[in-house]
Amino acid sequence: MAGKRKLADNPDQKERRWSSRVQELRQKKVDEKARIARERLKLLSDKNSKLCVDDTESHAEEDEAMLVSPERSSPLTLTKTEKGKTKLDFYADENDAHLKVKKNLRFFNTQYLLMVQAKLSRPDLKGVTEVMRANAILYSRKRIGDLPGIDVGHRFFSRAEMVAVGFHRHWLNGIDSMGIEYKREYSDYQFPLAVSIIMSGQYEDDLDNAEVVTYTGQGGNKLTGSKRQVKDQELVRGNLALKNNLEHKVPVRVTRGHQCQTSYSKKVYTYDGLYQVIKYWAEKGVSGFTVYKYQLKRLEGQPELTTNQVNFVGGRIPKSTSEIQGLVCEDISKGLASKPIPATNRVDDPPVPPSGFTYIDSLKIGPNVKIPRSSTGCNCRGSCTDPNKCACARLNGGNFPYVDLNNGRLIEPRDVVFECGPSCGCGPECVNRTSQKRLKFQLEVFRSPKKGWAVRSWDFIPAGSPVCEYIGVLRRTDDVDTLSDNDYIFEIDCQQTMQGLDGRQRRLRDVAVPTDIKVSQSNEDENVPEFCIDAGPTGNVARFINHSCEPNLFVQCVLSSHQDIRLARVVLFAADNIPPLQELTYDYGYTLDSVHGPDGKVKQLTCYCGAIKCRKRLY
């Protein structure tokens, strides 16, 4: 990692003598640079929601991780729909705190991926800067105690995510505290006052016994290399804040960080609830320097700690099938998928495997369906890298929809994504073929008590990653109407989404649908897509993914071998950073009272997704 560089002394270089006048001018320049640096630092602290740097220590990360000021950041990073909104507008359409947190993190992830695409250093912190520019920090004022929408067990996948929400406002320091500017809101307290601490193994003197912890104060340690203590700590800033917490009996939020190789930051941070500071003292640490110690005890009546569970599921993949509880089928794909897809059933007695379908790994073409000829592709070689020269990038609004990270991640949902196809000169590893690559996550089909079969991943899935394509038989919608009791029909409604028909949510992105493609509807109702995918008798793992009114996947229409939006491929992408073992879901998109039975009467189906804003009915 690049950081501050110290020029090595050159013993062969003679000392240069300066006159007193020159020395005075040089010193004035040094003083002026120091003054400007202090003003810039203060500006970042005041205007950027006080994302602080401990200016008394020189850490290698600080220069590398310095937040970008609004004047230096790219004007192209905010989406059209978010740019210029006030904070009130940004969250105006959400009343639930959990959904606000989810919206905040999705917006941050988009900005983060845009910074990765721009090949900027520390894209996580520059993504935070963009969240600030959009006035989208959810909790812009620090609070004592729990924050609405962030429950015990909530997992963050980087320090930057915590900053973007406003949960822990320091991107580097382990102690986040309130200053005197909060005196009006908390007039009975002495400041500074700690609101949040992070335990992530940065200090050699920490002791963690889960319910009772011994936390080492901040300062004096080397954050890179050995992470050893290199000088005495002082009772100032965060250290003084924790002392004040003890005297005023004010609880502090405690978050634990653990290594997680599948997380983009290589760590996962779990919120473990509120702790009370019960005593503090100063002592000589293991390296011989004075450190401040704080003993904290977890408050009673909170949900059970989940940190150990996080560590367990983070490395849960069994070494053999004998370790899988409730296993009823070792691989439902029978070797067709790139990874075996086991099925487990701990609900039925006796347990039974999924049945009544044949697994396929590629789309089948039904009768009366004609696939268009392959479209003209790009002339790139190897992998597409220059959007100014790639014809497929031009179709996507002049840039690539994916970023080359974690085997390819979609930056944000679009009306349609144009990928490279069989006529392109690039190879299979091109980033613009991301959704065409083989299954990369270890998926499991499992039996749920109320929703039938469901799907989860044993691996962490980064936001924007393709999970799987919806595969079955491509049919005309009119031909499927005669099929009875088939709940695996997926209508290809790319055109209807782009036009915002029938209440569909439009995605305002620049796309260039070729003018030579004639799109016509043979159906009388233009709201009804002309084609669909029938995964009833034949399909892949996607047919088992359930509906949710608050899903963690989204549907993305993709064009690769041709450019007819009526016949777009249907790919499911991660809308959020999805922890291991969380059920995978997407919104089926039914309009209430839109499904009719053979007798013409409206059919109703209860929804069991369990979401906070569940619509109670699937259709």
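The structure presented is a predicted model; accordingly, all values stated were derived computationally and were not measured. Positions are given from 1, in the same order as the sequence printed here.
At distances below 3.5 Å, at least one donor-acceptor pair connects side-chain atoms of Arg543 with backbone N or O atoms of Gly536. One N or O on the side chain of Arg414 and one on the backbone of Asn396 form a donor-acceptor pair closer than 3.5 Å. The closest donor-acceptor contact from the side chain of Arg253 to the backbone of Gly273 lies at 3.5 Å or more, if one exists at all. At distances below 3.5 Å, at least one donor-acceptor pair connects side-chain atoms of Asp331 with backbone N or O atoms of Ile341. A donor-acceptor pair under 3.5 Å links the side-chain atoms of Ser338 to the main chain of Leu439, judged by distance alone. A donor-acceptor pair under 3.5 Å links the side-chain atoms of Asn552 to the main chain of Thr585, judged by distance alone. Side-chain atoms of Arg409 come within 3.5 Å of backbone atoms of Ala463 as a donor-acceptor pair (strictly under, hydrogens ignored). In this structure, Arg159 contributes its side chain and Tyr269 its backbone to no donor-acceptor pair below 3.5 Å. Side-chain N or O atoms of Tyr139 include none that pairs as donor or acceptor with a backbone N or O of Ala164 at under 3.5 Å. Checked by atom type and distance alone, the side chain of Ser465 never pairs as donor or acceptor with a backbone atom of Ala574 at under 3.5 Å.
Open room surrounds NZ on Lys450; 12 or fewer heavy atoms of other groups in view lie less than 6.0 Å from it. Around the NZ atom of Lys297, the shell of radius 6.0 Å holds no more than 12 heavy atoms that belong to other residues, nucleotides or ligands. Atom NZ of Lys613 has more than 12 heavy atoms from other residues, nucleotides or ligands within 6.0 Å. Residue Gln302 places its CD atom among more than 12 non-hydrogen atoms of other residues, nucleotides or ligands, all under 6.0 Å distant.
Side-chain contact of Thr344 with Glu444: a donor-acceptor pair under 3.5 Å is present, judged by distance alone. Under 3.5 Å, the side chains of Glu161 and Asn577 contain a donor-acceptor pair of N or O atoms. Using modelled atom types, one finds no donor on one side chain facing an acceptor on the other under 3.5 Å when comparing Arg433 with Ser560. For the residue pair Glu469/Asn540, the side-chain donor-acceptor check at 3.5 Å is not satisfied.
Considering CD of Glu491 and CD1 of Ile533, their distance stands at 11.0 Å, rounded to 0.5 Å. If you take NZ on Lys440 and CG on Asn406, they are separated by 7.0 Å, rounding to the nearest 0.5 Å. Of the inter-residue distances, the one linking Phe90 atom CZ with Lys100 atom NZ reads 11.5 Å to the nearest 0.5 angstrom. Between atom CG of residue Asp534 and atom CG of residue Asp479 there is a gap of 10.5 Å, rounded to the nearest 0.5 Å. Taken from CD1 in Ile578 to CG in Leu553, the straight-line distance is 5.0 Å, to the nearest 0.5 Å. Annotation: the span from Asp96 atom CG to Ile612 atom CD1 amounts to 4.0 Å, rounded to 0.5 Å.
Using a cutoff of 4.0 Å between basic side-chain nitrogens and carboxylate oxygens, Asp564 and Arg566 are scored as salt-bridged. Under a 4.0 Å N-O distance rule, the pair Glu419/Arg569 qualifies as a salt bridge. Comment: Lys103 does not engage Glu94 in a salt bridge, judged by the lack of any side-chain N to carboxylate O separation of less than 4.0 angstrom. Between Glu583 and Lys451 a salt bridge is recorded (basic side-chain N to carboxylate O distance below 4.0 Å).
Taking the side chain as every heavy atom from C-beta outward, Leu618 and Tyr608 never approach each other to under 4.5 Å. By the 4.5 Å heavy-atom criterion applied to side chains, Phe573 and Tyr586 are not counted as neighbours. Counting heavy atoms from C-beta on, the side chains of Cys607 and Lys616 never come closer than 4.5 Å. Between Tyr359 and Ser333 the shortest side-chain heavy-atom distance falls below 4.5 Å. A 4.5 Å side-chain heavy-atom check between Cys549 and Arg615 finds at least one atom pair inside the cut-off. Cys384 has its side chain within reach of Cys420: a pair of non-hydrogen atoms, C-beta onward, lies under 4.5 Å apart. At a threshold of 4.5 Å between non-hydrogen side-chain atoms, the residues His154 and Val101 count as touching. Residues His168 and Thr255 form no side-chain contact, since every pair of their non-hydrogen atoms from C-beta on lies 4.5 Å or further apart.
What you find for Cys392 and Asn432 is that their closest heavy atoms are CB-ND2, 3.6 Å. Minimum interatomic distance between Leu305 and Glu211 (heavy atoms only, all atoms of both residues): CD1-OE2, 3.8 Å. Heavy atoms only, all atoms of each residue included: Asn407 and Lys437 are closest at O-NZ, 3.9 Å. Closest heavy-atom contact between Ile332 and Ala343: CG2-CB, 3.8 Å. Considering all non-hydrogen atoms of both residues, Ile545 and Cys468 come closest at CD1-SG, 3.8 Å. Across all non-hydrogen atoms, the minimal contact from Leu474 to Val369 is O-CG2, 3.6 Å.
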side-chain contact (heavy atoms from CB on, under 4.5 Å) between Asn345 and Trp453, intermediate numbers included: CA-CA 9 Å; Asn345 187 342; Trp453 294 104; 3.9 Å; yes

Would you please test Tyr488 and Phe490 for ring-ring contact (aromatic ring centres under 6.0 Å, His included) and show each step? CA-CA 6 Å; Tyr488 301 95; Phe490 199 115; over 10 Å; no

Stepwise ring-ring contact (aromatic ring centres under 6.0 Å, His included) check, Phe156 with Phe167: CA-CA 10 Å; Phe156 296 95; Phe167 181 79; 5.3 Å; yes

For a side-chain contact (heavy atoms from CB on, under 4.5 Å) check, start with the C-alpha distance between Arg476 and Glu530, then their side-chain angles and the critical distance, and finish with the verdict. CA-CA 6 Å; Arg476 288 188 173 273; Glu530 189 172 351; 2.8 Å; yes

Could you check Ile471 against Ile360 for side-chain contact (heavy atoms from CB on, under 4.5 Å), going step by step and ending with a plain yes or no? CA-CA 8 Å; Ile471 287 176; Ile360 56 175; 3.8 Å; yes

Tell me, with the steps shown, if Asp146 and Tyr271 meet side-chain hydrogen bond (donor to acceptor under 3.5 Å, both in side chains). CA-CA 10 Å; Asp146 290 319; Tyr271 175 47; 2.3 Å; yes

Decide side-chain contact (heavy atoms from CB on, under 4.5 Å) for Val213 and Val254; before the verdict, give the C-alpha distance in whole Å, the side-chain angles of both, and the deciding distance to 0.1 Å. CA-CA 10 Å; Val213 302; Val254 172; 5.6 Å; no

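Ring-plane geometry between Phe108 and Tyr112 is classed as parallel, the angle between the planes falling under 30 degrees on a 0 to 90 degree scale with a further cut at 60. Below 30°, between 30° and 60°, or above 60°: for Phe544 and Phe357 the angle between ring planes is above 60°, a perpendicular geometry.
The cationic atom of Arg346 (NZ for Lys, CZ for Arg) does not lie both less than 6.0 Å from the six-membered ring centre of Phe446 and within 45° of the ring axis.
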